[in-house]
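In what follows, a single structure is set out as structure tokens and then discussed.
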2 protein chains.
Amino acid sequence: MPAFFAPSMARLIEELSKLPGIGPKSAQRLALHLVKGAEEDVRSLAEALMDAKTTVQHCSICSNLTDSDPCEICGDGSRREDLVCVVEDPSDVVAMERTRDYDGLYHVLHGLISPMDGVGPDELRVKNLLDRLREDEVQEVILATDPTVEGEATAMYLARLLRPLGVKVTRIARGLPEGGDLDYADEATLSRALRGRYSVDSG
Amino acid sequence: MPAFFAPSMARLIEELSKLPGIGPKSAQRLALHLVKGAEEDVRSLAEALMDAKTTVQHCSICSNLTDSDPCEICGDGSRREDLVCVVEDPSDVVAMERTRDYDGLYHVLHGLISPMDGVGPDELRVKNLLDRLREDEVQEVILATDPTVEGEATAMYLARLLRPLGVKVTRIARGLPEGGDLDYADEATLSRALRGRYSVDSG
């Protein structure tokens with residue numbers, strides 16, 4: 001596809017089209033944009049790439065991506081250390097933090113169990129979660145994996161695994177999203193919302 | 001948006017989201033993908049970026065992007081030197097070359113006249129096209145800008161500008177696309193196809 005381009009352009013297009021969600025046409029457009037732009041912009045991107053790749057590591061406690069170990073969240077003495085929220089990947093930590101409603105710690109699995117993609121529990125950061133629960137004074141583990149088939153399977157697997165440790169295991173609630181419309185909700189969501197109903201007195 | 005990420009990740013996400021067509025969510029997904037992947041892949045992308053930016057230049061003859069001056073096409077002695085095809089940008093050269101049906105030279109404008117975006121003839125590579133036509137033995141200039149408002153305006157502007165030079169000026173044909181369906185063609189395209197009808201004897 002990138003024939004007829006100058007070799008250095010062709011190589012850049014090829015490298016860009018290896019990225020997820022970027023096809024040959026987008027890669028071509030990005031490459032032209034980059035080559036047209038200022039050299040310092042391109043240098044800045046190239047440096048950010050190498051810098052992130054060489055600096056970022058996994059936090060030895062929660063496995064989240066961090067520049068320094070332990071990560072900012074694990075090292076933050078003001079957070080509750082008896083509460084651990086288990087999520088699929090670092091973007092989920094960002095999503096949780098954005099709520100400003102959670103002050104416990106995290107554990108990042110870096111994936112979900114998915115037999116179809118050949119991902120079993122061993123490919124996930126499960127072992128160090130167990131070690132952590134054995135050592136630390138964690139009282140509750142919130143399973144906050146996605147409400148999808150893989151997320152649910154992972155949550156169920158972890159729940160079974162954690163139960164013998166005597167720690168309280170919870171799962172984030174499913175139901176209608178805030179501002180949602182009952183009329184437009186799919187049956188599965190509405191069923192869940194119905195089964196998960198709570199008493200208004202206690203709510 | 002990229003708060004709560006490690007600083008080096010946040011910077012990479014910020015740099016990536018400056019690219020056209022890449023929003024904060026895609027940038028986050030790309031950054032996570034890159035950080036998860038092999039270091040040599042990231043290095044390879046970073047190098048391709050800097051390499052393309054520092055190596056690629058404009059051909060002094062046709063203004064196409066090239067690693068060496070003159071570009072491969074202008075330096076190819078086997079191509080017709082009396083025919084110049086004027087296009088908007090380097091991807092159009094690639095599109096033309098892909099037809100394998102054109103063996104003349106090119107001239108890349110690097111844009112189209114667009115008063116709305118503040119792009120006038122002076123922002124385009126028009127001056128060196130004129131110089132080239134005065135010096136070289138060009139017999140025909142094919143205006144192959146897009147069949148859009150800007151492409152048409154640019155073609156009309158160039159046609160007026162080139163006429164006094166005594167060179168034959170042509171415009172690529174408009175009509176129904178190959179394999180197209182008359183029934184589904186828009187009125188403007190069908191009108192064009194009708195007006196551009198040609199005698200079957202001579203066709």
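Every chain is numbered from 1 and lettered A, B, ... according to where its sequence line falls, protein lines coming before strand lines.
Of the listed residues (A:Leu12, A:Asp89, A:Ile22), the one with the most heavy-atom contacts under 4.5 Å to chain B is A:Leu12. Counting heavy-atom pairs closer than 4.5 Å to chain A, the top residue among B:Leu32, B:Val93, B:Thr55, B:Leu16 is B:Leu32. Heavy-atom pairs under 4.5 Å with chain A were tallied for B:Ala31, B:Gly37, B:Ser26, B:Gly21; the largest tally goes to B:Gly37.
In this structure, B:Glu152 pairs ionically with B:Arg174, as a charged nitrogen and a carboxylate oxygen lie closer than 4.0 Å. Ion pairing of A:Lys18 with A:Glu15 is present here, as a side-chain N (NZ or NE/NH1/NH2) and a carboxylate O approach within less than 4.0 Å.
Pairing each heavy atom of A:Pro7 with each of B:Asp67, the nearest pair is CD-OD2, 3.3 Å. Minimum interatomic distance between A:Glu140 and A:Val138 (heavy atoms only, all atoms of both residues): O-CG1, 3.5 Å.
Residue B:Thr54 touches chain A through its side chain alone, counting heavy-atom pairs closer than 4.5 Å. Heavy atoms of A:Ile73 lying under 4.5 Å from chain B are absent altogether. If you measure heavy-atom distances from A:Ser68 to chain B, you find no contacts under 4.5 Å at all. Using a 4.5 Å cut-off between heavy atoms, B:Leu34 contacts chain A through both its backbone and its side chain. No part of A:Ala95 comes within reach of chain B, as not one of its non-hydrogen atoms sits under 4.5 angstrom from that chain. With a threshold of 4.5 angstrom between heavy atoms, A:Val56 approaches chain B through its backbone and through its side chain.
Inspection of the B:Thr148 and B:Asp146 side chains reveals no N or O donor paired with an N or O acceptor under 3.5 Å. Side-chain atoms of A:Asn64 and A:Thr66 form no donor-acceptor pair, as typed in the model, at a separation below 3.5 Å.
Near-neighbour residues of residues 40-53 of chain A relative to chain B, defined by a heavy atom under 4.5 Å from a heavy atom of that chain, comprise A:Asp41, A:Val42, A:Arg43, A:Ser44, A:Leu45, A:Ala46, A:Glu47, A:Ala48, A:Leu49, A:Met50, A:Asp51, A:Ala52, A:Lys53.
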Can you give me every donor-acceptor pair (side chain of residues 154-166 of chain A, partner residue at least two apart or in another chain, under 3.5 Å) with its distance?
residue	atom	partner	partner atom	Å
A:Thr154	OG1	A:Ile113	N	2.8
A:Thr154	OG1	A:Glu150	O	2.7

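The salt bridge (charged side-chain N to carboxylate O under 4.0 Å, His left out) test applied to A:Glu72 returns no partner, not counting sequence neighbours. Residues passing the salt bridge (charged side-chain N to carboxylate O under 4.0 Å, His left out) test with B:Asp183: none are found, sequence neighbours excluded.
Between B:Ser63 and B:Asn128, the closest side-chain pair of non-hydrogen atoms falls below 4.5 Å.
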